[in-house]
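For reference, the structure discussed in these notes is given below.
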Amino acid sequence: MRDVADFAPLLLHWFSSHARALPWRRDYDPYAVWVSEIMAQQTQMDRVVDYFNRFMARFPDIGALAAAPEDAVLKAWEGLGYYSRARNLLAAARIVQAEHGGRFPADFDAIRALPGIGDYTAGAVASIAFGADTVAVDANVLRVLARVCDIDAPVKEPAGKARVLAVARSLLPPGRARDYNQALMELGALVCRPKNPDCQACPVADVCQARHLGIVADRPVLTKTRDITPLLVATGVLFQAGRIFIQKRLPAGAWGNLWEFPGGRIEDGEMPDAAIVREFAEETAFATEVAAKLAVIRHGYTTFRVTLHCFLLRLPGHAEAAPLPAPVLTAAQESRWVLPGELSGFAFPAGHRKLIDQLANSLWIL
DNA sequence: GACACGTGGCC
DNA sequence: TGGCCAAGTGT
């Protein structure tokens with residue numbers, strides 16, 4: 001068992017040859033590092049890279065992002081989830097443009113003050129983009145250091161997290177925070193994984209207390225998770241005169257400012273087709289009828305498991321040549337009647353995007 | 001402190 | 001399959 005003083009040198013040496021070739025690691029441009037860190041919140045790196053490359057091509061610098069309409073930013077974010085990240089990213093870009101002359105601030109407190117940036121992200125950008133000696137403790141670091149230092153308190157709770165933070169600071173090699181922070185996270189992602197950690201390949205196994213004690217599986221101490229609630233939801237694609245009705249969700253709450261097909265929860269004992277007619281009337285004041293069932297889509301969430309019953313709807317008695325009616329919106333801020341080919345230009349929640357993908361095969365029914 | 005906030009991959 | 005989890009933040 002080696003002394004913990006060897007931890008950082010061993011870690012940095014490992015990182016020098018095992019770091020993944022992530023695109024923002026080429027020159028550590030602050031804008032790129034910032035975007036990558038926001039995208040990486042609660043999201044695995046492998047899923048980030050494609051979104052990152054498309055985002056940087058679409059919004060190459062802070063000025064381009066600050067000038068972009070929010071709909072375009074949400075479209076670039078479509079499918080990534082946690083859409084407040086995209087809204088805050090745009091809001092922060094506009095603040096940087098207005099208050100920092102378009103240059104991303106280097107100071108930790110100035111970074112931390114931007115919307116969408118908390119303690120972790122401020123530390124990550126300050127160190128990775130600017131070389132500041134700040135820690136960046138994410139779920140990987142919590143896990144790695146809980147094992148290395150045998151932290152016996154739940155690391156997702158304040159007391160345990162504070163202990164990890166203190167250890168992370170004490171082990172930080174001055175001047176090397178950029179690589180130290182990334183190396184900790186890289187080790188957690190590639191070697192010191194939640195399940196099946198590869199201790200044989202671990203560069204700091206000789207320093208790891210949990211490994212030494214044979215209790216790697218007991219570290220970190222986990223917090224109890226919440227139950228997952230099953231949820232039945234109905235949604236309707238109203239297709240009339242060759243156009244489809246969509247609405248833009250309210251700014252706050254889930255999928256804020258994204259577009260959707262109207263719908264809502266199926267009440268206890270209610271049939272899905274009755275639910276969609278009721279929900280559609282409540283949200284738009286349209287009196288619709290079900291023309292066909294399109295799909296049943298299952299979609300997982302952190303705390304819900306949704307079964308989405310999807311219907312094709314019509315306005316009974318509506319003459320094809322007559323103008324399309326205007327809704328009375330109660331659950332949305334705006335609506336459109338769009339051509340099927342135009343759906344690709346709007347940002348939809350993933351469940352509705354899945355439905356759209358199937359729609360192309362279904363509209364011939366008419 | 002607790003909860004809302006998405007999504008897909010893994011076993 | 002279904003539960004767990006991820007480069008967290010805002011309220």
Side-chain angles (χ1 to χ4, degrees), chain A residues 19-20 22 24-25 32-52 74 77-89 91-92 111-129 134-144 154-161 168 178 180-190 192-197 220 222-231 249 251-258 260 297-308 347-354:
Chain A
R20 287 172 289 186
L22 300 171
W24 51 90
R25 285 178 175 165
V33 170
W34 170 45
V35 171
S36 75
E37 287 298 338
I38 300 299
M39 285 188 172
Q41 290 170 2
Q42 295 289 284
T43 307
Q44 304 192 77
M45 273 306 175
D46 290 343
R47 240 174 85 63
V48 165
V49 174
D50 285 347
Y51 278 94
F52 174 85
L74 288 172
W77 211 268
E78 185 185 43
L80 253 191
Y82 286 134
Y83 298 95
S84 64
R85 293 183 295 171
R87 298 191 299 268
N88 282 331
L89 190 69
I111 298 171
R112 178 68 177 79
L114 294 170
I117 296 187
D119 289 335
Y120 161 76
T121 304
V125 177
S127 61
I128 297 171
T134 56
V135 295
V137 176
D138 74 331
N140 287 302
V141 180
L142 290 174
R143 182 174 60 255
V144 169
V155 294
K156 302 268 178 152
E157 294 175 18
K161 187 168 185 176
R178 165 185 287 171
Y180 170 77
N181 285 332
Q182 293 188 90
L184 273 171
M185 294 188 274
E186 201 86 336
L187 187 72
L190 301 180
C192 194
R193 298 173 297 235
K195 291 179 181 174
N196 306 320
L222 299 178
T223 312
K224 46 200 166 295
T225 61
R226 280 180 304 175
D227 293 337
I228 294 177
T229 308
L231 199 60
R249 294 176 61 88
W255 304 289
N257 289 346
L258 270 72
E260 67 170 6
I297 293 171
R298 284 178 173 72
H299 197 67
Y301 295 75
T302 303
T303 51
F304 295 107
R305 177 179 309 285
V306 173
T307 303
L308 187 63
F348 283 84
H352 287 206
R353 179 54 63 188
K354 287 182 190 173

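Every chain is numbered from 1 and lettered A, B, ... according to where its sequence line falls, protein lines coming before strand lines. Not measured: the values here are computed from a predicted model.
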| request: Would you state whether a donor and an acceptor, one from the side chain of A:T43 and one from the base of C:dG8, lie under 3.5 Å apart? | output: no
| The side chain of A:L222 lies closest to which of these nucleotides: C:dT9, C:dC5, B:dC5? | C:dC5
Taking only the side-chain nitrogens and oxygens of [X], find out if one of them lies under 4.0 Å from OP1 or OP2 of [N].
X      : N     : answer
A:R143 : C:dA6 : yes
A:R305 : C:dG3 : yes
A:T303 : B:dC5 : no
A:Y83  : B:dT7 : yes
A:Q42  : C:dG8 : yes
A:H299 : B:dG6 : no
A:K161 : B:dG1 : no

| query | Does any donor atom in the side chain of A:Q182 or A:R25 lie under 3.5 Å from an acceptor atom in the other side chain? | reply | yes
| message | Do A:T43 and A:R85 pair up side chain to side chain, a donor and an acceptor below 3.5 Å, judged on atom types alone? | response | yes
| query | When the distance from NZ of A:K224 to P of C:dC5 is rounded to whole Å, what number comes out? | reply | 13 Å
| request: Quickly work out the A:D119 CG to C:dG8 C1' distance and round it to whole Å. | output: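 Those two atoms, CG and C1', are 10 Å apart.
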| Within the structure shown, what part of the strands sits under 4.0 Å from A:G256 by heavy-atom distance: base, sugar-phosphate, or nothing? |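 If one applies the 4.0 Å heavy-atom cut-off, A:G256 turns out to touch nothing in the nucleic acid.
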